[in-house]
Engineer: 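I'd like to ask some things about the structure below.
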Amino acid sequence: KAVQYLAPLQSKTKQFPKVLYYYGMAEKARGNYNEALTALSVFSSDYEGSDKNQVLAFVGNEIKGCEIGRQLNGVINDSISITFLEGTINSQFDEVAPIPINEDLLYFSSNSSGNIGLYKSVRDSEGVWSSPQQPENLPLVRKSNFCHGSFSPDYTKFYFSVCDDFEGEWREDELKCSIYFSELVGNSWTEARSLGRFINLPGALNIQPYVTYEGKDEIVYFVSNRSGGSGGLDIWYVKKPIREGINSFGYPINAGEKINSPSNEMSPFYDINQATLFYSTDGKPGLGGFDIYAAVGSMDTWLDVYTMYAPINSSYDDLYYRPMEADKGFLVSNRPVEPLKFSTVDNDIFYFERKEMEEDSFMFNATIMDFKSGEALSLTEVEVFEVMGPDDFELYESLLLSSNELVVQLETGKEYLVITTKEGYEPVELLIDSEQVDGIMEIFLETEQELPAVDLEVPLVIDNPDEIEIIKDLPT
């Protein structure tokens, strides 16, 4: 109802200096990017508050996000379906941090009982999830609030957050939390132990660990608002040799400015098979609230950072992207799902999967990059035409890409013409034979070449005037 209450106040900027900002953000949250862009642009040009520089830097990102949203409005990756987990898992409270053990066993965190804790649910043969229960064999934790767990790849270690008691609304940026560890010995988990004070820095929030193995190293990504970062909540990491104990962790290292912003970054997940960090941020241009981003690289070295498509992202908060094998997984969002959920107050768990391909079809995958720099190019326009015959083409699909990844389902036994365009670049045409496509293609775009200036005072010399074809009846 924010838009309803703020709309009549838009002209009262002297009395309410930030009303256009709040109104624009409310419209953006509803996916009304044109209205949001207008309000935020006027606010940006008129605002003269003492915090002007800080506020306008943030608003600049929101304006860019509105422009992206306006360009992508209605453009959805329809090869992916996303489903609200009906039944017993989602409640009127917060369900976050899904840990999919497999397709039918899900651990997650919820504050439905007042305190936040770890729960599990099992899906039966009919696809119905059981009522959440606390797992029987949990590590001994001597505090009431523990959440955001992550198992090591071999399921012998468990990292999670332990938080002090809190009153009122669950807000992760206002909690006092530390990262704890437990190890599986035989069939039992050891009593939970706090990581060192240099990781759980006193006075800072330390939360949302995610553990992975890379070579011989054990790496734990986590979220903290400690000093030395980019601002707000940042993603940090620590590492140690896999076989050594937790006292062998080095000092935390910030994941870097390609990942972190002056605002907030949360819910890291590292996919070792794709060498990609998935995380959420409200500090980069996006569709609204927290958006899910992907970064190729590891630790503090990143080659490419890009936002995810809708429906993975929405104009609401989207967090905890947890992919599984075979293009399926879970995420968390506060988006409404009518008629199941009308409010955006609480976070819920959603399931996503790539739709089954039709018979006699295949997925065409390509990455789009700058020819000279090799950098990823987003917001490119792609038109796919089916080749019907010589000089005969029929439009098959038209896309505006939010990242540099092109994924489109094509039919086997046919030829396609793929035309990729981006402002400031020469268009690229690519003829696709479905029988010859293998793996992911690379499409390189070159910047447009400026034509040399023509001096009109220099006479034009024609070497072979007899070869000139005179064109008559030019259109007027």
Side-chain angles (χ1 to χ4, degrees), residues 68-69 71-83 103 271 273-276 278 287 292-294 296 304 306-314 321 323-329 331 350-371 374-423 425-446:
I68 293 172
Q71 288 179 288
L72 295 176
N73 201 15
V75 178
I76 295 177
N77 185 354
D78 58 9
S79 67
I80 294 176
S81 65
I82 182 164
T83 307
E103 291 186 27
D271 187 327
N273 295 319
Q274 299 184 60
T276 298
F278 295 95
L287 297 182
I292 297 168
Y293 270 72
V296 179
D304 181 24
Y306 58 91
T307 185
M308 304 290 286
Y309 284 100
I312 297 299
N313 280 324
S314 69
Y321 182 76
M324 300 168 62
E325 294 182 7
D327 295 321
K328 58 185 66 175
L331 61 84
F350 292 75
Y351 176 75
F352 68 86
E353 65 178 336
R354 191 175 297 280
K355 298 175 184 176
E356 291 187 10
M357 289 189 297
E358 299 175 1
E359 293 184 9
D360 302 324
S361 65
F362 69 100
M363 297 304 296
F364 173 67
N365 294 267
T367 57
I368 302 171
M369 293 172 286
D370 183 284
F371 178 76
E375 292 184 356
L377 296 177
S378 59
L379 293 179
T380 54
E381 296 182 36
V382 177
E383 290 184 306
V384 182
F385 296 88
E386 182 181 341
V387 179
M388 311 302 292
D391 299 322
D392 185 10
F393 306 94
E394 183 176 303
L395 182 63
Y396 180 83
E397 191 154 3
S398 180
L399 301 166
L400 176 63
L401 305 183
S402 60
S403 72
N404 76 318
E405 290 190 340
L406 169 62
V407 181
V408 60
Q409 182 174 316
L410 303 177
E411 297 179 38
T412 55
K414 295 184 178 181
E415 281 190 328
Y416 295 90
L417 176 66
V418 178
I419 302 178
T420 306
T421 58
K422 181 176 175 64
E423 184 176 355
Y425 288 83
E426 299 285 352
V428 170
E429 296 184 1
L430 188 64
L431 195 62
I432 302 299
D433 185 341
S434 61
E435 304 298 330
Q436 298 176 358
V437 174
D438 184 22
I440 300 176
M441 286 192 168
E442 295 178 335
I443 300 175
F444 291 95
L445 302 187
E446 295 188 66

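Along the sequence shown, residues carry numbers from 1. Since this is a predicted model, take the numbers as computed values, not measurements.
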Engineer: Can you list everything that forms a ring pair (Phe, Tyr, Trp, His ring centres under 6.0 Å) with Tyr351? Sequence neighbours excluded, please.
Structural biologist: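 By the ring pair (Phe, Tyr, Trp, His ring centres under 6.0 Å) rule, Tyr351 matches Phe330.
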
Engineer: Rounded to the nearest 0.5 Å, what's the gap from OG1 on Thr276 to OH on Tyr293? Could you check?
Structural biologist: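 The distance works out to 15.5 Å.
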
Engineer: Enter the distance from Thr83:OG1 to Phe352:CZ here, rounded to the nearest 0.5 Å.
Structural biologist: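 So the gap between those two atoms works out to 11.0 Å.
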
Engineer: Quick one: list whatever passes ring pair (Phe, Tyr, Trp, His ring centres under 6.0 Å) with Phe278, sequence neighbours left out.
Structural biologist: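 For Phe278, the residues satisfying ring pair (Phe, Tyr, Trp, His ring centres under 6.0 Å) (neighbours in sequence not counted) are Tyr321.
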
Engineer: I need the Ile292 CD1 to Tyr306 OH distance, nearest 0.5 Å.
Structural biologist: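 Output value for this atom pair is 12.0 Å.
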
Engineer: Taking all non-hydrogen atoms of both residues, which atom of Glu103 and which atom of Met324 are closest, and how far apart?
Structural biologist: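 Closest pair (atom of Glu103, atom of Met324, distance): N-CE, 3.5 Å.
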
Engineer: Looking at Leu445 and Glu426, what are the two nearest heavy atoms and their distance?
Structural biologist: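 Closest pair (atom of Leu445, atom of Glu426, distance): CD2-O, 4.1 Å.
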
Engineer: To the nearest 0.5 Å, what is the distance between CD1 (Ile312) and OG1 (Thr307)?
Structural biologist: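 Here the interatomic distance stands at 10.5 Å.
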
Engineer: Could you work out, with side chain to side chain contact (heavy atoms under 4.5 Å, CB included) as the rule, every residue matching Val418, not counting sequence neighbours?
Structural biologist: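 Partners of Val418 under the side chain to side chain contact (heavy atoms under 4.5 Å, CB included) test: Phe364, Val382, Val384, Leu406, Thr420, Leu430, Ile432.
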
Engineer: How close do Ile443 and Ala366 get, counting heavy atoms only, and between which atoms?
Structural biologist: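 Here Ile443 and Ala366 meet closest at CD1-CB, 3.9 Å.
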
Engineer: Quick check: closest heavy atoms across Ala376 and Met369, and the distance to 0.1 Å?
Structural biologist: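 Shortest heavy-atom separation between Ala376 and Met369 comes out as CA-CG, 4.2 Å.
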
Engineer: Go through the structure and list residues passing side chain to side chain contact (heavy atoms under 4.5 Å, CB included) with Glu429, not counting sequence neighbours.
Structural biologist: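 Side chain to side chain contact (heavy atoms under 4.5 Å, CB included) list for Glu429, sorted by chain: Leu417, Ile419.
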
Engineer: Between Asn313 (side chain) and Met308 (backbone), is there a donor-acceptor pair under 3.5 Å?
Structural biologist: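 Yes, because the side chain of Asn313 sits within donor-acceptor range (under 3.5 Å) of the backbone of Met308.
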
Engineer: Please name all residues satisfying ring pair (Phe, Tyr, Trp, His ring centres under 6.0 Å) with Tyr425, sequence neighbours left out, ordered by chain then number.
Structural biologist: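 Tyr425 satisfies ring pair (Phe, Tyr, Trp, His ring centres under 6.0 Å) with no other residue.
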
Engineer: First locate atom OG1 of Thr421, then atom CD of Glu383, and finally report the distance between them rounded to the nearest 0.5 Å.
Structural biologist: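 Result: 6.5 Å between the selected atoms.
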
Engineer: Can you list the residues that meet the side-chain hydrogen bond (donor to acceptor under 3.5 Å, both in side chains) rule with Ser314, with sequence neighbours excluded?
Structural biologist: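 Asp318.
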
Engineer: Is there a side-chain contact between Val387 and Phe393 (heavy atoms, below 4.5 Å)?
Structural biologist: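 Heavy-atom side-chain distance check passes, below 4.5 Å.
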
